[in-house]
Amino acid sequence: MPQYFRDSPESLVPDALAGFAAAHADLVAYNPDHGYFHTRHIAPARRVGLVSGGGSGHEPLHSGFLGTGMLDAACPGRIFASPHNRQIFEASRAVARADGVLHIVKNYTGDRINFGIAAERLAHEGIRCARVLIDDDLATDSDDIAVGRRGTGATLIVEKILGAAADEGRGLEDLVALGTDVTRRARSLAVAAAAHTTPQSGAPAFTLPDNVLEFGVGIHGERAEGTTPHAPLGKLVETMTDQLLAALPDSAGARVLALVNGLGSITSLELYGIRHAVAKALDDRGVGLDRSLTGTFVSALDMRGFSLTLFATDAEALRLWDAPARTPAWPL
């Protein structure tokens with residue numbers, strides 16, 4: 001069975017956090033007592049601190065996007081587990097600015113609970129706090145799912161656009177409205193040919209027959225409602241693109257930003273081939289591709305798969321997307 005390079009299962013996350021802090025000491029600082037990272041550089045005009053977080057195993061999300069133009073603080077939990085509300089509270093209190101703090105939260109039960117508790121604690125201290133909930137996963141868009149759509153790749157798009165807007169000095173209410181609108185205009189879908197390896201056991205989280213894809217897999221290894229035969233890449237991407245475009249508001253004649261995201265063990269060679277297939281599928285459907293980003297940004301440990309996120313753009317969103325950012329993992 002595949003094994004992780006580590007001293008022990010228990011040391012994998014803390015050693016990685018220490019290494020990340022040391023590798024990027026010019027950009028981020030780590031608070032080991034309360035378990036959060038914060039940026040060393042803040043735009044002078046920023047009036048709201050931006051805080052996000054989630055389970056480890058999704059690197060470079062979220063800590064890789066700390067810095068000017070993006071997040072002020074990030075709270076890493078254990079593998080695929082929400083950060084504790086204490087981490088979130090302490091991080092938020094540390095980076096709150098004149099107009100408070102904004103939590104950027106992926107739609108998972110643990111994240112919602114712990115960010116919610118932290119927000120209540122902040123309110124008791126008189127610190128303004130609001131939340132943007134990311135729920136872009138098309139595979140979980142069903143009335144049968146009580147918690148609603150999962151939060152996945154669109155998280156990165158929200159963090160980038162809100163970070164640029166915060167650097168301009170926008171207030172808390174404006175940032176909430178903007179983040180809610182960005183989330184509304186983004187949908188994601190993920191496929192996998194093999195599950196991630198569970199760090200404790202070294203075994204795959206699930207198994208698939210040969211030549212079968214999990215269609216609609218979650219970033220924690222959540223199974224999809226069904227599988228699909230392993231079709232040629234162009235056909236697979238066309239199917240994903242059609243479903244995503246149909247789910248976007250006002251999608252007819254839309255222009256989009258595309259995020260082609262690796263889930264852990266897929267190669268750059270494959271990712272750029274997917275990027276090529278996405279551009280062709282959009283062009284064939286008369287949809288303009290305004291911007292794209294290709295790489296591994298929201299991983300699922302070593303899952304062999306990829307996600308595709310489409311975001312319906314406008315001039316303002318593109319302006320904020322193009323604004324400069326300096327973080328450990330932002331590529332532009």
Side-chain angles (χ1 to χ4, degrees), residues 52-55 57-58 61-62 77 79-83 103-116 131-159 179-196 198 204-206 208 212-228 236-249 251 256-264 266 274 278 296-301 303-312:
S52 194
H58 300 309
L61 200 74
H62 297 271
I79 290 177
F80 293 174
S82 170
H103 290 165
I104 300 173
V105 184
K106 299 190 302 299
N107 187 30
Y108 295 97
T109 300
D111 289 354
R112 292 178 64 162
I113 290 172
N114 284 301
F115 274 91
R131 180 181 76 179
V132 170
L133 189 68
I134 315 300
D135 60 350
D136 57 306
D137 178 35
L138 188 59
T140 45
D141 194 351
S142 170
D143 293 337
D144 297 331
I145 300 174
V147 297
R149 294 185 300 267
R150 297 178 292 222
T152 58
T155 309
L156 176 63
I157 298 172
V158 172
E159 289 177 353
T180 301
D181 185 55
V182 171
T183 300
R184 182 184 68 86
R185 292 190 279 145
R187 290 292 180 270
S188 300
L189 193 57
V191 298
H196 68 273
T198 304
F206 59 83
L208 287 171
V212 169
L213 292 177
E214 189 81 2
F215 192 91
V217 70
I219 58 173
H220 306 109
E222 302 99 331
R223 300 298 301 270
E225 289 189 0
T227 59
T228 187
L236 174 63
V237 168
E238 286 180 353
T239 300
M240 296 172 72
T241 299
D242 284 338
Q243 292 189 16
L244 291 169
L245 289 174
L248 293 180
S251 59
V256 300
L257 179 155
L259 172 64
V260 178
N261 172 65
L263 293 177
I266 192 169
I274 295 164
V278 170
T296 296
F297 302 102
V298 186
S299 63
L301 289 174
M303 183 179 288
R304 179 150 183 75
F306 70 92
S307 66
L308 174 59
T309 303
L310 295 183
F311 166 62

- Query: What closest approach, in Å, do Gly221 and Met303 show between heavy atoms, and which atom pair accounts for it?
  - Reply: CA-CE, 3.8 Å
- Task: For the pair Ile134 and Ile104, evaluate side-chain contact (heavy atoms from CB on, under 4.5 Å) and give the outcome as yes or no after the intermediate values.
- Result: CA-CA 7 Å; Ile134 315 300; Ile104 300 173; 4.1 Å; yes
- Any side-chain heavy atom of Gln243 sitting closer than 4.5 Å to one from Leu189? yes
- Task: Starting at CG of Asn261, measure out to CG of Leu308 and round the result to the nearest 0.5 Å.
- Result: 9.5 Å
- Message: Tell me every residue that passes ring-ring contact (aromatic ring centres under 6.0 Å, His included) with Tyr108, counting only those two or more places apart in sequence or in another chain.
- Response: His220
- Task: Evaluate the criterion side-chain contact (heavy atoms from CB on, under 4.5 Å) for residue pair Val256 and Leu248; output intermediate values, then yes/no.
- Result: CA-CA 10 Å; Val256 300; Leu248 293 180; 4.1 Å; yes
- Task: Begin from the C-alpha positions of His58 and Phe297 and carry the test ring-ring contact (aromatic ring centres under 6.0 Å, His included) through to its verdict.
- Result: CA-CA 8 Å; His58 300 309; Phe297 302 102; over 10 Å; no
- Note on the structure: Looking only at heavy atoms, the pair that brings Arg112 and Val105 closest together is N-CG1, 4.2 Å
- Task: Indicate yes or no for a side-chain donor-acceptor contact from Ser307 to the backbone of Val191 under 3.5 Å, with no hydrogens or angles considered.
- Result: no
- State whether a side-chain donor-acceptor pair under 3.5 Å links Lys106 with His62. yes
- Query: Looking only at heavy atoms, what is the nearest atom pair of Ala205 and Ala195, with distance?
  - Reply: N-CB, 3.8 Å
- Working to the nearest 0.5 Å, report the span between CD1 of Ile157 and CZ of Arg185. 10.5 Å
- Task: State, yes or no, whether a side-chain contact exists between Glu222 and Phe80 at a heavy-atom distance under 4.5 Å.
- Result: no
- Item | For the student: nearest non-hydrogen atoms of Arg187 and Ala247, plus distance | CG-CB, 3.9 Å
- Query: Side chains of Asp137 and Ser188: do they bring a donor and an acceptor to under 3.5 Å?
  - Reply: no
- Query: Where the side chain of Glu214 meets the backbone of Ala192, is there a donor-acceptor pair that is under 3.5 Å apart?
  - Reply: no
- From Leu244 atom CG to Leu138 atom CG, the distance as rounded to the nearest 0.5 Å: 5.5 Å
- Item | Interatomic spacing from OG1 in Thr152 to CG in Asp136 - rounded to 0.5 Å | 3.5 Å
- Task: Flag the pair Ser52 / Leu61 as yes when at least one side-chain heavy-atom distance between them is below 4.5 Å, and no otherwise.
- Result: no
- Between Phe115 and Arg131, is there a cation-pi geometry (under 6.0 Å to ring centre, at most 45° from the normal)? no
- Query: Strictly by modelled atom types, are Arg149 and Asn107 linked by a side-chain donor-acceptor pair under 3.5 Å?
  - Reply: no
- Does the side chain of Leu208 come within less than 4.5 Å of Leu213's, by heavy atoms? no
- Message: Go through it in stages, so that I can follow the logic: the residues are Leu257 and Leu310, the test is side-chain contact (heavy atoms from CB on, under 4.5 Å), and I'd like the CA-CA distance, side-chain angles, deciding distance and then a yes or no.
- Response: CA-CA 6 Å; Leu257 179 155; Leu310 295 183; over 6 Å; no
- Task: Could you pull out all residues at least two apart from Ala194 that satisfy side-chain contact (heavy atoms from CB on, under 4.5 Å)?
- Result: Arg304
- What closest approach, in Å, do Val278 and Ala258 show between heavy atoms, and which atom pair accounts for it? CG1-CB, 4.2 Å
- Note on the structure: Closest heavy-atom pair, Ser82 versus Asn114, reported as atoms and distance to 0.1 Å, is OG-ND2, 3.2 Å
- Item | Spacing of Phe215 atom CZ and Glu225 atom CD [to the nearest 0.5 Å] | 11.5 Å
- Item | Distance (rounded to the nearest 0.5 Å) between Phe206 CZ and Thr198 OG1 | 10.0 Å
- Message: Under the criterion side-chain contact (heavy atoms from CB on, under 4.5 Å), I'd like the reasoning laid out for Thr183 against Leu133: C-alpha separation, chi angles, the key distance, then a yes or no.
- Response: CA-CA 8 Å; Thr183 300; Leu133 189 68; over 6 Å; no
